[in-house]
Trainee: 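The structure under discussion is supplied below as C-alpha cells; questions concerning it will follow.
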Amino acid sequence: MKRVSFIFLIISIIIIAYFFIREQLRGITLSSTENIILSITYLVVGISLLILFRLKHIENKQEENQRK
C-alpha cells in the first residue's frame with residue numbers, strides 16, 4: 001500500500017508541476033478540463049497522504065506494543 005501511495009504522489013507531483021509551469025511561466029490559461037484534472041490530482045494527493053499517515057500511525061502503535 002505504501003508503494004502505491006508513493007507512486008500516486010510522484011505522478012501527482014509531476015502533473016501539478018506541469019500545469020504550474022504551463023499556467024504560470026508560459027502564461028497560458030488552463031481549460032476547464034485541465035482544471036478538473038488538477039482538482040482530481042489534489043484529491044489524489046490528499047488521499048495518498050492520508051493513507052501514508054494512517055499506515056505510519058499503525059506502525060508506531062505496533063512498535064509501542066512490542067516495547068511493552
Side-chain angles (χ1 to χ4, degrees):
M1 191 63 125
K2 278 185 181 182
R3 186 172 281 169
V4 173
S5 292
F6 279 127
I7 290 171
F8 278 128
L9 280 175
I10 291 170
I11 292 170
S12 297
I13 289 170
I14 292 168
I15 292 171
I16 292 168
Y18 170 76
F19 284 129
F20 177 80
I21 290 169
R22 185 160 182 211
E23 185 177 30
Q24 298 298 321
L25 301 180
R26 292 186 184 168
I28 299 172
T29 305
L30 298 179
S31 68
S32 62
T33 305
E34 292 168 335
N35 278 328
I36 290 171
I37 292 170
L38 197 56
S39 296
I40 291 170
T41 304
Y42 290 144
L43 183 63
V44 168
V45 167
I47 291 170
S48 295
L49 290 174
L50 183 65
I51 289 170
L52 289 172
F53 174 75
R54 186 70 181 146
L55 290 174
K56 184 66 175 174
H57 182 69
I58 290 171
E59 287 176 3
N60 287 344
K61 272 191 169 182
Q62 289 175 350
E63 286 178 11
E64 286 178 17
N65 289 337
Q66 288 177 355
R67 290 180 191 164
K68 290 181 180 180

Trainee: Got Ile28 and Glu23 here, is their nearest side-chain heavy-atom distance under 4.5 Å?
Mentor: no
Trainee: If you round to the nearest 0.5 Å, how far is CD1 of Ile47 from OG of Ser5?
Mentor: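 Ser5 atom OG to Ile47 atom CD1 measures 10.0 Å (nearest 0.5 Å).
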Trainee: List the residues meeting side-chain contact (heavy atoms from CB on, under 4.5 Å) with Ile58, not counting sequence neighbours, and say none if there are none.
Mentor: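 Listed in chain order: Arg54, Gln62.
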Trainee: Can Val44 be reached from Ile36 by stepping across I, L, V, M, F, W or Y side chains whose heavy atoms are under 4.5 Å apart?
Mentor: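 Both belong to a single hydrophobic cluster.
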Trainee: If I compare all heavy atoms of Arg22 with all of Arg26, which pair ends up nearest, and what's the gap?
Mentor: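 Nearest heavy atoms, Arg22 then Arg26: O-CB, 3.4 Å.
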Trainee: Is it true that a side-chain atom of Glu63 and a backbone atom of Asn60 form a donor plus acceptor pair closer than 3.5 Å?
Mentor: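 A pair under 3.5 Å: no.
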Trainee: Other members of the hydrophobic cluster containing Leu30, with the 4.5 Å side-chain heavy-atom rule, please.
Mentor: Phe6, Ile7, Leu9, Ile11, Ile15, Ile16, Tyr18, Phe19, Ile37, Leu38, Tyr42, Val45, Leu49, Leu52
Trainee: If you group Ile, Leu, Val, Met, Phe, Trp and Tyr by side-chain heavy-atom gaps below 4.5 Å, do Leu43 and Ile13 land in one group?
Mentor: no
Trainee: Any side-chain heavy atom of Glu59 sitting closer than 4.5 Å to one from Lys2?
Mentor: yes
Trainee: To the closest 0.5 Å, what do you measure between CG (Asn35) and OG1 (Thr41)?
Mentor: 11.0 Å
